[in-house]
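Note sheet for the following structure.
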Amino acid sequence: QVQVIESGGGFVQAGGSLKLSCAASGRTFSNRAMAWFRQAPGKEREFVAVIDRTGGITYYADSIKGRLTISRDNAENTVFLQMTNLKPEDTAVYYCALSPIVSRNPENYDYWGQGTQVTVSS
């Protein structure tokens, strides 16, 4: 069974930085694309960033491009999301997910974490 656990969320002022981590158990980690999604109160879950299994291909949502960086360490079964110059509109629960393909569609992801809250004050 695959477990996905996010950490690193918190409260930060606008312009600040946070680094989220996502640890996944199980042998499927290195064979899967990993992505971050987020969901703000009253809004749909939205794609943030995805990285392929080798770490060589990444895609980002236009709204966060240039401010967030996704990376992974297959030796540690961990994916990261470095967030800089955070804005109040980045406030959301951030979810980590695994997929057999590189995709922006949450329906293609079969393992999800419980999420970690990021709150950005103005």
Atom of I70, atom of A35 and distance for their closest heavy-atom approach:
CD1-CA, 4.4 Å
Would you indicate whether E89, at its atom CD, is surrounded by more than 12 heavy atoms from other residues, nucleotides or ligands within a distance under 6.0 Å?
yes
Find out if a path of hydrophobic residues (ILVMFWY) with successive side-chain heavy-atom gaps under 4.5 Å connects L68 to V12.
yes
Residue list, side-chain hydrogen bond (donor to acceptor under 3.5 Å, both in side chains) with S103, at least two apart or on another chain:
N108
Euclidean distance, M34 CE relative to L81 CG, rounded to 0.5 Å
11.5 Å
Just grab all the ring-ring contact (aromatic ring centres under 6.0 Å, His included) pairs involving residues 52-81, residues at least two apart or on different chains.
none
Does atom CD of Q117 have more than 12 heavy-atom neighbours, drawn from other residues, nucleotides or ligands, at distances under 6.0 Å?
yes
What residues, two or more places apart in sequence or in another chain, satisfy side-chain hydrogen bond (donor to acceptor under 3.5 Å, both in side chains) together with N105?
none
Of all pairs that satisfy ring-ring contact (aromatic ring centres under 6.0 Å, His included), the ones with a partner from residues 89-122, not counting sequence neighbours:
F37-Y109, F37-W112
Does I64 share a hydrophobic cluster with V102, counting links as ILVMFWY side-chain heavy atoms below 4.5 Å and allowing steps through other members?
no
Compare every heavy atom of S122 with every heavy atom of A14, then report the nearest pair and how far apart it is.
CB-CA, 4.3 Å
Return the minimal non-hydrogen interatomic distance between S21 and T78, and the atom names on each side.
CB-CG2, 4.4 Å
One should read off an interatomic distance between R45 CZ and R38 CZ, to the nearest 0.5 angstrom, of 13.0 Å
Using a 3.5 Å distance criterion without hydrogens, assess whether the side chain of N77 forms a donor-acceptor pair with backbone atoms of A23.
no
Any salt bridge linking D90 with K87? Criterion: basic side-chain nitrogen under 4.0 Å from a carboxylate oxygen.
no
Can you check whether R53's main-chain N or O pairs, donor with acceptor, with N74's side chain at less than 3.5 Å?
yes
If we ignore hydrogens and angles and just use 3.5 Å, is the side chain of D52 paired with the main-chain N or O of I57 as donor and acceptor?
yes
When rounded to the nearest 0.5 angstrom, what distance separates CG in N85 from OG in S17?
8.0 Å
Between R72 and A33, the two heavy atoms sitting closest are NH1-CA, 4.1 Å
Could you give all pairs that pass the disulfide (SG to SG under 2.5 Å) test and reach residues 14-43, with sequence neighbours left out?
C22-C96
Are W36 and V50 connected in the hydrophobic side-chain network, where two residues link if heavy atoms are under 4.5 Å apart?
no
Only one of V120, V118, T119 passes side-chain contact (heavy atoms from CB on, under 4.5 Å) with L18, and that residue is V118
Among the clusters formed by ILVMFWY side chains lying less than 4.5 Å apart, do F47 and M83 turn up in the same one?
no
Backbone of Q3 reached by a side-chain donor or acceptor of S25 within 3.5 Å
yes
Counting only N and O atoms by type, is there a donor-acceptor contact under 3.5 Å from the side chain of E6 to the main-chain atoms of G115?
yes
Hydrophobic cluster (4.5 angstrom, side-chain heavy atoms) - remaining members for I101:
none
Can you see which heavy atom on Q39 is nearest to which on K43, and at what distance?
NE2-O, 3.1 Å
